[in-house]
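Below is one structure, written out as structure tokens; the observations come after it.
Note that the coordinates shown come from a computational prediction; the quantities given were computed from them, not determined experimentally.
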Amino acid sequence: MIDNLTLGLQTALMPENLFFCFLGVFLGTILGVIPGIGVLVSISLLFPITFHIGPTPALVMLAGIYYGTTYGGSTSAILLNVPGTPSSAVSCLDGHPMAQQGRAGTALLMTTVASFFGGSVGILLLTGFSPMIAASALEFGSVEYFALMVLGLIAASTIAGGSAAKGVSMVLFGILLGIVGSDVYTGQLRFTFGQQALFDGISVIALAMGIFGIAEVVSSVNSVKTASIPPGRITFRSMLPSVSEFRASVMPMIRGSGIGSFFGALPGTGGLIAAYMSYAVEKRIGDESRFGKGAIEGLTGPESANNAADQTAFIPTLTLGIPGSPTMAIMLGVLIIHGIEPGPLVLTEQPDLFWGLVMSFWIGNLMLLVLNIPMVGLWVRLLRVPFQLMFPAIVMFIVMGVLTTYNGSLQIWMVLILGALGYLMRYLAMPAAPMILGFVLGPLMEEHFRRALLLSGGEFGTFIEGPIAQVCLALSAGLLILNFVGSWRRRAARRQSEAGLSAD
């Protein structure tokens with residue numbers, strides 16, 4: 001291991017690799033801050049550069065863009081309530097309320113710290129436990145994936161504040177949106193209404209931009225929002241969290257890093273699911289009434305989760321040759337273009353590439369830490385831009401981001417329609433977070449459910465045979481019981497309070 005790390009450090013410290021690492025993290029941060037651009041667009045735009053450089057600097061640069069956009073995407077989520085990337089959408093829930101309370105600097109600083117911590121944990125696991133984690137991921141078949149998705153959707157209903165019925169209904173609505181398009185097995189079109197642009201389904205980018213971005217613009221256009229920003233220069237002291245806030249962030253960062261590392265190593269999951277699962281866990285552990293109103297643990301936990309997931313996502317990609325996302329597929333494309341076959345042999349036949357990439361993660365995360373902390377004041381000053389200028393700029397970036405990803409005017413109309421839906425959901429106090437998780441997990445759950453039945457010959461008992469599925473389903477049942485008991489206690493307390501008021 002020491003020899004491998006030494007070889008990796010020597011490779012990562014080569015001037016060419018250092019330059020492309022800095023270029024990747026810098027461009028990733030900038031493009032991540034711009035709403036609607038995202039990691040896939042950023043990597044796709046810079047992909048042609050990899051034709052003219054070696055495989056190691058190419059992967060180092062693209063990887064820097066990958067986790068750099070995660071850093072930057074949370075910035076726009078906190079300041080503007082517009083997630084720069086889908087995985088940073090959860091940062092809107094408590095990060096933006098902190099910005100509205102005049103704690104934008106603290107939110108951004110703690111986001112940077114949590115991101116660095118989660119990324120570091122993910123790199124440690126990638127360094128020391130790649131073979132073991134890859135073997136664990138191989139044990140997940142369709143049955144286990146289905147059970148995991150059930151657990152994720154039940155946990156999603158706990159994200160919503162207030163009525164549990166609203167949370168469940170939004171999960172179901174997200175699943176309904178997620179199954180729009182072609183059936184994965186039969187090719188049958190579902191809910192496309194004859195529109196060719198819907199054959200591939202609704203874009204998660206359009207959904208996130210509409211529900212969060214457009215809805216925020218519409219709901220804020222007639223309201224006067226004055227951000228509590230201290231006049232003059234933003235000092236480092238003003239960005240420091242209080243002792244209680246820092247203490248409240250330690251355990252969420254540890255738990256979030258563990259959750260993110262686990263989900264990142266599973267092909268097909270990643271930072272979005274990890275972030276929402278972390279948020280659900282923190283909300284269940286902490287005081288639910290604080291979440292959605294600026295709870296710092298609702299920000300630091302998911303931030304450490306999605307950054308840990310970004311790092312461990314390379315485990316199945318590099319060790320198994322299984323891309324868990326379109327972004328990872330582009331990474332594999334770089335290897336194939338340079339004549340390298342992805343898979344377990346990469347560790348033995350290309351040790352300088354594998355370990356050089358791993359060590360570049362440390363260097364890239366340190367670069368992001370150095371870049372982002374001094375730039376916190378710059379991002380906070382975005383709140384001083386007049387809203388009559390800010391809102392049209394947000395809409396422009398959203399439109400540009402959607403058009404660069406999906407060519408066609410129908411996607412723009414889809415964003416506008418989803419924005420109107422998001423505004424209506426705000427008016428009716430319907431939570432958006434469970435809907436997005438249902439949108440992501442629902443189609444995956446359907447696919448694995450049907451595949452498991454095909455493999456078992458239609459036997460439903462296959463879903464309770466394996467130990468992994470049994471644990472996931474048992475946890476799902478436990479969450480349902482806890483939700484039921486919690487709702488019953490809240491109703492009982494409310495009735496008792498109303499009875500006391502009527503007696504007075």
Side-chain angles (χ1 to χ4, degrees), residues 90 136-137 139-179 252 255-256 258-286 288 291 298 301-302 305 309 431-453 455-456 459-490:
V90 70
S136 299
E139 296 178 5
F140 276 71
S142 292
V143 172
E144 288 76 17
Y145 270 113
F146 172 77
L148 188 65
M149 301 305 161
V150 171
L151 176 61
L153 289 178
I154 291 178
S157 65
T158 68
I159 296 176
S163 172
K166 288 184 178 181
V168 173
S169 64
M170 295 311 296
V171 167
L172 296 177
F173 183 63
I175 295 175
L176 182 64
L177 293 178
I179 64 175
R255 287 189 291 263
I259 293 171
S261 299
F262 174 75
F263 281 100
L266 298 178
T269 53
L272 177 63
I273 297 174
Y276 277 112
M277 288 295 291
S278 173
Y279 192 88
V281 169
E282 296 307 321
K283 189 171 183 180
R284 174 57 58 189
I285 293 176
E288 292 189 16
F291 284 78
M435 185 194 72
I436 293 183
L437 192 56
F439 177 83
V440 174
L441 287 182
L444 292 174
M445 187 173 70
E446 179 200 15
E447 179 181 349
H448 290 295
F449 175 78
R450 295 168 65 180
R451 184 182 300 163
L453 288 179
L455 294 175
S456 64
E459 292 291 335
F460 285 92
T462 188
F463 293 104
I464 56 173
E465 291 179 355
I468 298 176
Q470 290 173 354
V471 171
C472 291
L473 293 177
L475 290 174
S476 302
L479 280 176
L480 285 176
I481 294 173
L482 287 175
N483 287 337
F484 174 78
V485 173
S487 299
W488 180 81
R489 286 179 176 177
R490 285 192 294 268

Which pair of non-hydrogen atoms, one from E465 and one from Q470, has the smallest distance, and what is that distance?
O-NE2, 3.3 Å

Those residues that, when tested against E446, pass side chain to side chain donor-acceptor pair (under 3.5 Å) (two or more places apart):
R190, R450

Give, for atom CZ of R451 and atom OG of S142, the distance between the pair rounded to the nearest 0.5 Å.
4.5 Å

Would you sort out whether Y276 and I259 count as a side-chain contact (heavy atoms from CB on, under 4.5 Å), showing the intermediate values?
CA-CA 10 Å; Y276 277 112; I259 293 171; over 6 Å; no

dist T462:OG1 -> F449:CZ (nearest 0.5 Å) comes out at 11.0 Å

Atom pair CE/CD1 of M170 and I175 - distance to nearest 0.5 Å:
11.5 Å

Residue pair F146 / E447, side-chain heavy-atom distance below 4.5 Å:
no

Closest approach of G256 to S278 (non-hydrogen atoms, all atoms of both residues):
CA-OG, 3.8 Å

For the CD1 atom on I464, are there more than 12 heavy atoms of other groups (residues, nucleotides or ligands in this structure) within a distance under 6.0 Å?
no

Closest non-hydrogen atom pair, F263 against A274:
CB-CB, 4.0 Å

In a table with atom names and distances, give each donor-acceptor pair under 3.5 Å that connects a side chain of residues 435-445 to protein atoms at least two apart or in another chain.
none

Testing the basics here: between A275 and P302, what is the closest heavy-atom pair and its distance to 0.1 Å?
O-CB, 3.6 Å

Restricting to non-hydrogen atoms, name the atom on F463 and the atom on A469 that form the minimum distance, rounded to 0.1 Å.
O-CB, 3.6 Å

